[in-house]
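One structure is given below, encoded as structure tokens.
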Amino acid sequence: MNLALSDEQVMLREAAREALSRVKTLEAARAALDGKQSLPDLWPTACEAGWPGLLIDEQHGGAGLDAFDAMLVAEECGRVLAGVPLLGHLAATAILSAAANATSFLPANASGERRAAYLPARPPADNDGAWSTERRSGLGREPVPAVGPTDGDGHAAVEGACAFVPDAPGAAVLVGAGERDGEIVAFAASSEQPGVQIEPVTRYDATRSLAHVTFAGAQAVILDCPIDALASAWHLAQALLAAESIGAVASALEVTVQYAKDRYTFGRAIGSYQAVKHQLTEVLRRMENGRSLLYYAGFAYRGAPAEFPLAAAAARCVAGGALDYAARAMISIHGGIGATWEHDAPLYFRRAQLSRLLLGGTEQATGRVAGEVFALAAR
Amino acid sequence: MNLALSDEQVMLREAAREALSRVKTLEAARAALDGKQSLPDLWPTACEAGWPGLLIDEQHGGAGLDAFDAMLVAEECGRVLAGVPLLGHLAATAILSAAANATSFLPANASGERRAAYLPARPPADNDGAWSTERRSGLGREPVPAVGPTDGDGHAAVEGACAFVPDAPGAAVLVGAGERDGEIVAFAASSEQPGVQIEPVTRYDATRSLAHVTFAGAQAVILDCPIDALASAWHLAQALLAAESIGAVASALEVTVQYAKDRYTFGRAIGSYQAVKHQLTEVLRRMENGRSLLYYAGFAYRGAPAEFPLAAAAARCVAGGALDYAARAMISIHGGIGATWEHDAPLYFRRAQLSRLLLGGTEQATGRVAGEVFALAAR
Amino acid sequence: MDLNDTPEQAAYRARARAWLQENRAQAPVLSGPGALTEEAEIIAARRKWQGRLAEGGLAGVTWPEDYGGQGLGPVEQVIAGQEISRAGVPGILDAIGVGMLGPTIIAHGSEEQKARYLGPMLHGEEVWCQLFSEPAAGSDLAAIQTRARRAEDGSWVLSGQKVWTTNAQFASFGLLLARTDPDVPKHNGLTMFVVPMDAPGVTVRGLRQISGEAEFNEVFFDEVHLPADADVGGVGNGWRTALTTLMFERVTIGLGGEGLGYDPLRFARALLAAGAQRDPLVRKRLGEIAAELTAVRFTGYRVLTALQQGQIPGPEAGLAKVTTVNSAIAAGDLIAEVLGPDALASESEWAYMISFLPGLKSAGGTEEILRNTIGERVLGLPAEPRLDKGVPFSELRAKETAAQ
Amino acid sequence: MDLNDTPEQAAYRARARAWLQENRAQAPVLSGPGALTEEAEIIAARRKWQGRLAEGGLAGVTWPEDYGGQGLGPVEQVIAGQEISRAGVPGILDAIGVGMLGPTIIAHGSEEQKARYLGPMLHGEEVWCQLFSEPAAGSDLAAIQTRARRAEDGSWVLSGQKVWTTNAQFASFGLLLARTDPDVPKHNGLTMFVVPMDAPGVTVRGLRQISGEAEFNEVFFDEVHLPADADVGGVGNGWRTALTTLMFERVTIGLGGEGLGYDPLRFARALLAAGAQRDPLVRKRLGEIAAELTAVRFTGYRVLTALQQGQIPGPEAGLAKVTTVNSAIAAGDLIAEVLGPDALASESEWAYMISFLPGLKSAGGTEEILRNTIGERVLGLPAEPRLDKGVPFSELRAKETAAQ
């Protein structure tokens, strides 16, 4: 039993922090929101650091690391609200790595030359037997795209849509789940074809790259991979979002603690008041709980795959709540100034509000935790 | 527009407080819980004060007052956790008063000579078209008792059961809703007949008199009253429970504020610490919100009957939350001593925990608020 | 206990309704077809409309008749608001001036000030703004640093910065709290002034909020000259004068829960439109929100009853704001979850609400300070140890600076 | 990062498992058929079983070998707990003595004390209790008033009252914190003592909780005589000695989240049995509870990793208790709503849990004090102004009494 980071993991984290510190990501986020300029492209930074290949094995040009390592990088990206399109890419490469017939794609994915994006497809749960994907608006879910018969080259036509796909704008390849004759199959489609439409959308948080993706007779490779890999990618995406969120909580906490030490009211630093102090310890409590669940998810991804859905969903549930709480505490402890455009707090707030609604939403993750626990209890 | 109490209402409240102060209700509650002695019978006190006839008009021996007056008395009972069986009696007399053929019963009900108990029957809501009554255990609801054909004397046979009926033990007459040929009818049955079984049950709060009531071919008078009166009695019972709860919150707050002034830690009265002070202002906030809704319910009962379900459900929802919060704050601010048997705080806690589950439960009241608001919004 | 009008109130309501019926065609159109779009045009039209409302007896309802008011009670003021809302026309533009600053001048101003300022304020000819809060004086209002120094000729020179100022961009005057003596304990060295917003040295800068819109302003004062008689209520009495303004603010908040537009029906309509009305989680959450917001409405009626009986609402009236803001935040959360990311689209009314609320939470004093005040003044709990009592303001500042 | 045993740990686990396999038949049966029912019988059997566990190397795992321990690390201690739980046998009776008081004596006791007390403690021959808290010294532990006065011959006379004492009713000894000098500031005048619980003048009284059961005791000391060498760690050093005990308490809490029996599976089984597993509200609430309790389990592993690396867990370990207690309270609420009033029947396990938790919330320090400590010591936030610093204890007491 040892939950300490290895020396390599500490180095990975430090290197990520260092690489990201070279870009003024928060300033860029505010400027992008203002429509003044587009976000800096952080993909070259990611490629230089080797992040695109984190989950691809070494023989295919990757680093052959584990989900926990990917989460460490995601955490560092979240810490500075950096818009690095890793969430979609890493989940997609996890599927491609599991497919026997996708090995030829991997080197370009690993180097980052061809960026991939994951089409979120929620696997069945104890109370819902269907695979489903995001709807453009409102409650409820949509079926995953329909896949036609495979031709001689292993290709098939795809019809359907996925809404609010993270990191889809600019991705070269789209990887996800489709349905054929009542069975779920994995597919990979190049975005550079007329049958694929990627419609970028911005919602509230300019650092979050999103698109509605539509397939109209698009040609896709049917991946020879187990359905488990598709399900695992969904949970991996949840865990990465959780890691990002915990990173953002950590920096929001640092900034707010510092302000609470520096700002005086009624002759005392505001951090000496219980109302402020206890709010900040609540941020800490939620952050530490979230972080513990990141360890669980990181361990379970390969160490206990049957527990990975529980671990990832629990991490998302707790981390999402932590970020929402931390962003609101950041604003309220800063007083009025925390709600102004020039301050960083609104950027954390926007990050929290949108993150909560993506990839099925934090609420569905909470329901999944219950479902997994009910399943264990029923044994 | 004037929400002030009339002089008569102030007198009614003061008289109630005075009458109840003559009995050591909290000590009695603890002794009863201990099984050491049974609760003092407070019905004679109620009769002397004229409370049984509060909602019965003067020509039938009552005081001819309004729901708000009844709520004032309920609040005073709640303040000292007095086990006065008014909740069941007042809701029952509201139905009897509305029945053209029950006037001969009223004088004995008004004097308190014959005590009545209301069989809780939840009227249909926007998302549930059926009338239903409490189940002995678990989620879900039971149908109301079945009523047979009326004989020449206006009597009919009743079959069925109602669980956790407040104030049923010792009641002379049981009043509630039954179903006949798909229609809802109101009935009144004497408890002094072999077809009626009243099985007293105690759950956690010894001051709350409860019974499971079973009808096996019991003879009942079919009441000639509008179904609206049956529905209104349900909401009235919710409002009375809310009023009781707000009374308990008020006294819990007083006791806890006093302790927070007297108890010192680290050289300061604990009430000077924000963590304590803010908890107590939260009790105040919830109490004041609850009290405002009691005014709404009191006004709506006759002043705006279409709004009474919303008002009563909202009052129950907020008052129930207020009592739960107040009882927990009382324990936690008192530190360890607040969790000991000799202290009064556990009595408030027990009152809160059981109240939350009676008469459909606080949660269903919250759902009813939503249903009423949706209905208004759909217009 | 009665929610209905007395005969006198009913008569006032009838008069108000009749006047509105006759004059509503003159009201500016702010939404729908034919609505005004230019900011300047809207302000001009609303100022003019405020003047008409004042003539019709629907503005300054509680002001004494001597100053152009109706000399009526708070219930009539609420009735005027209800009738204006019922007629679907805008209310007065300068609610801050008429509701809080005018009454302060009535209470503490000189006869010359009352004669000069009250009429144009009531009729919307001159809009006012409240210049109290500062970057380093929010919760701790008495810590303000804006400095007014007396010149040899008795006139004043003003320097400093104010923040969170509504309407400053088009106001003619501001009521400003400044420090005139830093060498006495902080509550004692303050004075209230009337400041012409077009005086040289006054600069107004919009302060953008989370939503991107400039809801408030910062106002900078760089050696602004004020005449010797610009003080309201006497030199060194500024804290007392400010407390009067804050008391009227509290009355406004106590009565105005619904004024923020956080109506349970509005939320319910959005959820109905999304088909979410049968979802048990949605029902639970909407039910709690609606119950609390309904409570606030009746708390307002209770405050009104107390006002009618001549009582001044205590600080507990501020709890209504806490309830309103937190319920609206919960509603924003719920609606966003039901509608999905589109609720956060830049043109969405919900994105606007979700963005506006975190700032509103601190506006007019943080929830924490409010809870302190209520705990101490309403529940009688002992105060926190104060380290700033009796210490000259200049020393306090020196200490803080040293600590940082 | 690895949740698996190292080879050494695996070897220890195998030894523990084998020993338990061989000896489990000797363990007392506490529930099910053939269970012991008499309190005295249960205590006697558990004491005997503790002795066997100690012989088998499953008690005092981290104690030095010199004192009968295994000289192993915290992971092995957790492994012992896991294997005991897996074997379905009771753990040690005197977890407070072996986990907290014994290590304090090892750290601060004299050689005579170690020789006399540690062996019988570890083997369950003499059970110990912790006599720190008092009615007026809960959060503010250093405010204790129990007084030990030195007699002419150097012996001590003890008078006062302790409260919240677990196991006092059958303990042989207590470790007691008393005030030996009231004329110095409160942290300085304290001394730790060993007190025989059968000494004349010691009275133990059960303290019933909300549930009606006596989970704790009050202990009264009326002129109890102690020998001159009864102090542990030196006269006037009591606060330092107590901090050692509290540090071991924190380790126990940090590792013991699951020990309280608040397991999400237990809650899920109750909800499943009631058929509530498809109710969306139930799912949301159980999901949140289970996520938090699962987090606490992994927080425990993180603490263990830190301990293994020689780090002492900081006060933030106490947040795990906050999470556990609040999640269990939420679970009690949920289960009561699903099962209805029968969940509150006197024989219900849920009624017991619901009753027990409000007291547990304050046990070992209130949540508020814990959050203060964490805010100051972990986040580095400034302390609240302290009015009791450097003031002699006797003066402080006089002030408080005057204020009441």
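C:E384 is listed as a side-chain neighbour of A:Y273, based on a closest heavy-atom distance under 4.5 Å. A 4.5 Å side-chain heavy-atom check between C:I329 and A:R328 finds at least one atom pair inside the cut-off.
Neither the backbone nor the side chain of C:N372 comes within less than 4.5 Å of any heavy atom in chain A. Only the side chain of A:D34 comes within contact range of chain C, judged by heavy atoms closer than 4.5 Å. Heavy atoms of A:F266 lying under 4.5 Å from chain C belong to its backbone as well as its side chain. Contact annotation for C:E367: neither backbone nor side-chain heavy atoms come within less than 4.5 Å of a heavy atom of chain A. Contacts between A:Q274 and chain C at a heavy-atom distance below 4.5 Å are absent for every atom of the residue. In this structure, no portion of C:A143 lies under 4.5 Å from any heavy atom of chain A. Residue contact with chain A, scored on non-hydrogen atoms closer than 4.5 Å, involves the backbone and the side chain of C:Q209 alike. With a 4.5 angstrom heavy-atom cutoff, C:S355 touches chain A via backbone and side-chain atoms both. Proximity to chain A (any heavy atom under 4.5 Å) is shown, for C:A343, by neither the backbone nor the side chain.
Here the closest heavy-atom approach between residue C:A351 and residue A:Y204 is recorded as O-OH, 4.1 Å. Heavy atoms only, all atoms of each residue included: A:A275 and C:E368 are closest at CB-CG, 3.4 Å. Across all non-hydrogen atoms, the minimal contact from C:A336 to A:R356 is CB-NH2, 4.1 Å.
The distance from the CG atom of A:L357 to the CG atom of C:D333 is 9.0 Å, given to the nearest 0.5 Å. Remark: C:I210 CD1 to A:I331 CD1 distance equals 3.5 Å, nearest 0.5 Å.
Each of C:T366, C:D140, C:L141, C:I369 was checked for a side chain to side chain contact (heavy atoms under 4.5 Å, CB included) with A:T265, and the lone residue meeting it is C:D140.
Annotation: maximal heavy-atom pairing with chain A below 4.5 Å, among C:E215, C:R371, C:E213, C:E337, occurs at C:E337. When each of A:R350, A:H334, A:Q353, A:R136 is checked for heavy-atom pairs under 4.5 Å with chain C, A:R350 comes out on top. Across C:L339, C:D279, C:L281, C:V338, the residue that shares the most heavy-atom pairs under 4.5 angstrom with chain A is C:V338.
Within residues 336-348 of chain A, the residues having any heavy atom under 4.5 Å from a heavy atom of chain C are, by residue number, A:G336, A:I337, A:A339, A:T340, A:W341, A:E342, A:P346.
For C:P315, the side chain to side chain contact (heavy atoms under 4.5 Å, CB included) partners two or more places apart in sequence, or in a different chain, are C:R250, C:T373, C:I374, C:R377, C:V378.
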